[in-house]
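All remarks here apply to the structure that follows.
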Amino acid sequence: MDLIDRELVALLQQDATQSYAALGKAVGLSAGAAHERVRKLRERGVIRRTTVDVDPAALGRGVLAFVHVESSAWMGDSAAAFAAIPEIQEAHLIAGSASVLVKVRTSTTGQLQDVLRRLYEIEGVSGTSATVSLETFFERPVMPYEPVMPHEPNAPQALSERA
């Protein structure tokens with residue numbers, strides 16, 4: 001990925017509804033060239049999907065918990081079992097005392113308790129430890145390029161910072 005591709009990704013992360021003409025103008029390309037680059041980014045899997053960022057609390061999913069799942073067996077083949085629990089937003093195989101880390105969103109702590117019960121139904125799960133989030137300060141997408149530090153004179157800059 002070159003700097004233009006990275007800038008296109010950053011612009012789409014800010015607002016994926018932008019026209020190809022607007023994207024092209026922002027990075028110095030025609031609308032057609034911007035469209036072609038975005039198409040190639042999709043083909044290569046850089047852009048995995050286009051979605052809408054929704055406020056979970058507005059949908060009645062205001063309880064956020066991170067759950068460490070302990071196991072008595074290797075959990076590397078259990079992704080489908082975790083994915084079958086719809087309240088689990090993310091599941092990660094991790095190193096450490098727990099085997100899997102899951103991000104869960106529910107409406108109530110009672111529903112969270114039900115998710116914990118269903119986790120125990122997954123083969124190999126031997127324990128859980130849940131941490132309930134009281135407030136989310138921020139969540140951010142993966143940056144398409146490293147932030148430019150002001151004291152690095154030769155560091156590449158985003159196209160929007162050059163103008």
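Position 1 is the first residue of the sequence, and the numbers go up from there. No hydrogens, no waters, no symmetry mates; every other heavy atom, side chains included, goes into these values.
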Check for a donor-acceptor pair, side chain of [X] on one end and backbone N or O of [Y] on the other, with a separation under 3.5 Å.
| X | Y | answer |
| --- | --- | --- |
| Gln13 | Val142 | yes |
| Gln18 | Leu11 | yes |
| Thr108 | Gln111 | yes |

Flag the pair [X] / [Y] as yes when at least one side-chain heavy-atom distance between them is below 4.5 Å, and no otherwise.
| X | Y | answer |
| --- | --- | --- |
| Met1 | Val9 | yes |
| Val67 | Ile88 | no |
| Val100 | Leu119 | no |
| Arg42 | Thr50 | yes |

Which of these, Arg61, Arg118, Lys103, Arg105, sits in a side-chain hydrogen bond (donor to acceptor under 3.5 Å, both in side chains) with Glu87?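 Of Arg61, Arg118, Lys103, Arg105, side-chain hydrogen bond (donor to acceptor under 3.5 Å, both in side chains) with Glu87 is met by Arg118 alone.
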Nearest 0.5 Å please: distance from the [atom1] atom of [X] over to the [atom2] atom of [Y].
| X | Y | atom1 | atom2 | answer |
| --- | --- | --- | --- | --- |
| Leu29 | Arg37 | CG | CZ | 5.5 Å |
| Asp15 | Asp53 | CG | CG | 12.0 Å |
| Asp77 | Leu93 | CG | CG | 9.5 Å |
| His68 | Thr128 | NE2 | OG1 | 11.5 Å |
| Leu101 | Glu90 | CG | CD | 8.5 Å |

Where [X] and [Y] come nearest, the two heavy atoms and their spacing:
| X | Y | answer |
| --- | --- | --- |
| Val63 | Ser107 | CG2-O, 3.6 Å |
| Tyr120 | Val125 | CA-CG1, 4.0 Å |
| Ser99 | Met75 | CB-CG, 3.8 Å |
| Ala84 | Pro86 | O-CD, 3.2 Å |

Is it possible for you to say whether [X] and [Y] belong to one hydrophobic cluster, with membership spreading through side-chain heavy-atom contacts below 4.5 Å?
| X | Y | result |
| --- | --- | --- |
| Val132 | Ile85 | yes |
| Val102 | Trp74 | yes |
| Phe66 | Ile94 | yes |

Between Glu36 and Arg39, is there a salt bridge with N-O shorter than 4.0 Å?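 Salt bridge present between Arg39 and Glu36.
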Is atom [atom1] of [X] surrounded by more than 12 heavy atoms (other residues, nucleotides or ligands) closer than 6.0 Å?
| X | atom1 | result |
| --- | --- | --- |
| Arg48 | CZ | no |
| Glu123 | CD | no |
| Asp2 | CG | yes |

Show your working on side-chain contact (heavy atoms from CB on, under 4.5 Å) between Tyr20 and Leu8 and close with a plain yes or no. CA-CA 10 Å; Tyr20 291 116; Leu8 286 169; over 6 Å; no
Consider side-chain contact (heavy atoms from CB on, under 4.5 Å). Of Thr17, Leu41, Ile47, which one does Leu12 pass it with? Ile47
